[in-house]
Amino acid sequence: MDIQDLANSINGKLYGNDDFFSIDGFTGKITFLHDAHTGDIVIREEIDSTGVEMAFNKNIACLITPNPKDGAIETAQRLGFPLIVIDNIEIAREYVAKRSQENEMNNRSSDTIHNIVQQVEDKISSADDLLSIGGITEKIPFIGNDDKEKLPDNGLDNIMDLVSQVEGELVGNVDFFSIEGFTGKFTFLNDAHTGDIVIRHWINDKGVEIAFNKNIACLITQTPKDGAIETAKRLGFPLIITDKIELANAFALSHTVKKYSPDSTNVVITGTNGKSTTSHLIYHILNNAGYHVLTNTDSESEFNTLIDPMVSKLISDEVVANGKLDYLVIEVSEVQGWLEKLMENHAALMSEAIRPEVGVITNIAMDHIGLVNSIEDVFNEIKAVPKAIGDGITILNYDDELVRKLDAKNPFYTSMYPLNENNSVYFDGKNIVYDNNPILSIDELPFKGNHFIQNILSAIGACISLNIDIDKIIEGVKTYKALNRRFAKLYDEPLIYDDFAHNPDGIKATISETLKLLAKNQKLHVVCAIRGSRGVEINQLNVDALVESMNDDIELYLSSSNDVVNDLNFVEEDEREVFFNTLNDNGIDFTHFYNLNDCLKEVYEKADKKDVILLIGAQGMDPAESLLKDIIKI
């Protein structure tokens, strides 16, 4: 293919170079700029100077676009890089795709060509003329390739089985789109490759086209919009629409565990407070004991839901990169929803998908107001988890009255007080005790606060139930370092502690423990980030918890954190007012700042070196540590 013939055939004007840039010309495929390699052609809706430089550095054959902007033409001319400017991008796509197909066909034997054509006809039938860039040109290199490495059997050959599992409706095609069906994994659209399945809460027409061009097996969504259904039908691309995206992600998780980690021993952890610390400590104990372990826990508890296929992706990526897993330690959100709609039985659905041998339920308290509106609602969301654990062992917090009511087949209890139960571990005020023997003294624990000791008990109970050697458990606890923002000490003078406490129980427990660190005649400066875009109800409960915790030794500061939060966490006026009104009604003095940086500066300047500063809150307090580094300049 001559580049000038290419430019003429697509009614384009050539700039920068009168030949393909890569030495051997167009020898690759039509692809996206970020995926391009030597000899490829990239067709884009628009390109700027930076994009031209990227193409130049990637040594691709040429760029084609209808919309050069921000110096793209000048950069192409400066670099001597071929840029073809066109009027109609579809003409370019169809022509280049056809030439790419012809080139590929010419490189194959007649027998192989016959097989390819037959497979394409079977797969896409009359939609041949609709294929563009990523359609036939990305399929051809893989069709009929006997040398292609085969992935393990997915156990999902029929797309209708998937439709049934997710209670969905199928449009666009009655079969998986990629030639060999579902051969990959469940993932996100930007990470997807041939044979993968993508699950998204919403998808528009552009997303369907991207999926089509990436040659993935199918798309699953809860909200098709902006012509997504029409585009799927036009392209003959399978789009599954479900009212419950959590069913799709639960199926993805179950499928991924069975395929990628069928022999691992699995643990789930749920409850209102303490999930992340408990999960991370279990992970650390097992990892420290020499096992290959994966956990989804992170400091912000963002990967513990069925909102998206993140947990499935974490598992498959880890196994592909590092081999067989011994243990999965999966944190599970006790209550979850999307766009103010509750995902009913989320914790049980996610737990069942993981097939755990051990489960942990830390506590049952109020959070996620709006999705649930009473403590009974929270209990109803968690009560099915022991059934999902089934014959496995369920670690239960004996000190929580509602947790004690749960019906577990094989319970193992934890408590901050001595227990007479056979299957139990408890704290007697000085030591953690198991089987009537003290195994760890309070001085050997990474945390001294009661609510953190409760998390340690849960983690120890889980590892005992996994038959981990007790000495390995003790060593793991002693060497544990906390997750970010879990009562983390940031500075010594004054003492500054940072905690993720963001619901009533967490706020009360954290303030109570911090008061124990306060020297006589000194002040505790509590800095609380108001929860933004979470509604009046949860903020009312949080300010009530502050009121209950206040005493004469506490000075209170509030932050709306406008300078550090995004639109999803912006504090609305009514959320702010519920704090102001409640504190004023109870005669409690406070200082409010719209910006977190200003708030931290004021508190640091006002605090005595022997005082204690406590930072609490969720997203609105997350950047506090980095801001303090500039303020304190240490």
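It should be emphasised that the depicted structure is a prediction, and the values quoted were computed from it without experimental measurement.
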Could you check whether atom CG of Asp243 has more than 12 heavy atoms from other residues, nucleotides or ligands sitting under 6.0 Å from it? no

Between Arg44 and Asn67: side-chain donor-acceptor atoms closer than 3.5 Å: no

Any chance you could lay out the side chain to side chain contact (heavy atoms under 4.5 Å, CB included) test for Ile220 and Leu162, step after step, and finish with the verdict? CA-CA 10 Å; Ile220 306 175; Leu162 177 60; 3.9 Å; yes

Would you mind telling me which of Val42, Ile73, Thr75, Thr65 makes a side-chain contact (heavy atoms from CB on, under 4.5 Å) with Ile47? Thr65

Kindly compute the distance separating CG (Asn296) from CE (Met310), expressed to the nearest 0.5 Å. 10.0 Å

Between Lys58 and Asp40, is the closest basic N to carboxylate O distance under 4.0 Å? no

Under a 4.5 Å cut-off applied to non-hydrogen side-chain atoms, are Arg234 and Glu209 in contact? yes

Please say whether more than 12 non-hydrogen atoms of neighbouring residues, nucleotides or ligands are located less than 6.0 Å from NZ in Lys244. no

With distance as the sole test, does Asp563 use its side chain to make a donor-acceptor pair with the main-chain N or O of Asn597 at under 3.5 Å? yes

Angle between ring planes, Phe21 versus Phe56, binned at 30° and 60°: parallel, tilted or perpendicular? tilted

Measure from the side-chain N and O atoms of His292 to the backbone N and O of Lys324, and report whether any donor-acceptor pair falls under 3.5 Å. yes

Is Thr231 reaching over with its side chain to a backbone N or O of Val208, donor-acceptor style, under 3.5 angstrom? no

Donor-acceptor check, side chain of Ser312 to backbone of Leu253, threshold 3.5 angstrom: yes or no? yes

Counting N and O atoms only, with roles assigned by atom type, does the side chain of Asp48 sit under 3.5 Å from a partner on the main chain of Lys69, one being a donor and the other an acceptor? no

Given the rule in the side chain to side chain contact (heavy atoms under 4.5 Å, CB included) test, do Gln165 and Asp161 qualify, once you have shown the distances and angles that lead to the verdict? CA-CA 6 Å; Gln165 289 284 346; Asp161 292 337; 5.5 Å; no

What do you reckon, is CD of Glu352 surrounded by more than 12 foreign heavy atoms closer than 6.0 Å? no

With no hydrogens and no angle check, is any side-chain donor or acceptor of Asn266 less than 3.5 Å from a backbone partner on Ile354? yes

Only pairs at least two apart or in different chains count here, so list each side chain to side chain donor-acceptor pair (under 3.5 Å) that has a residue in residues 78-89. Glu53-Arg78

Donor-acceptor contact present, side-chain Asp2 to main-chain Gln4, <3.5 Å: yes

For Phe176 and Phe182, take the angle between the two ring planes, folded into 0 to 90°, and tell me which bin it lands in: parallel under 30, tilted 30 to 60, perpendicular over 60. tilted

How about Phe251: does its CZ atom have over 12 heavy atoms from other parts shown lying under 6.0 Å from it? yes

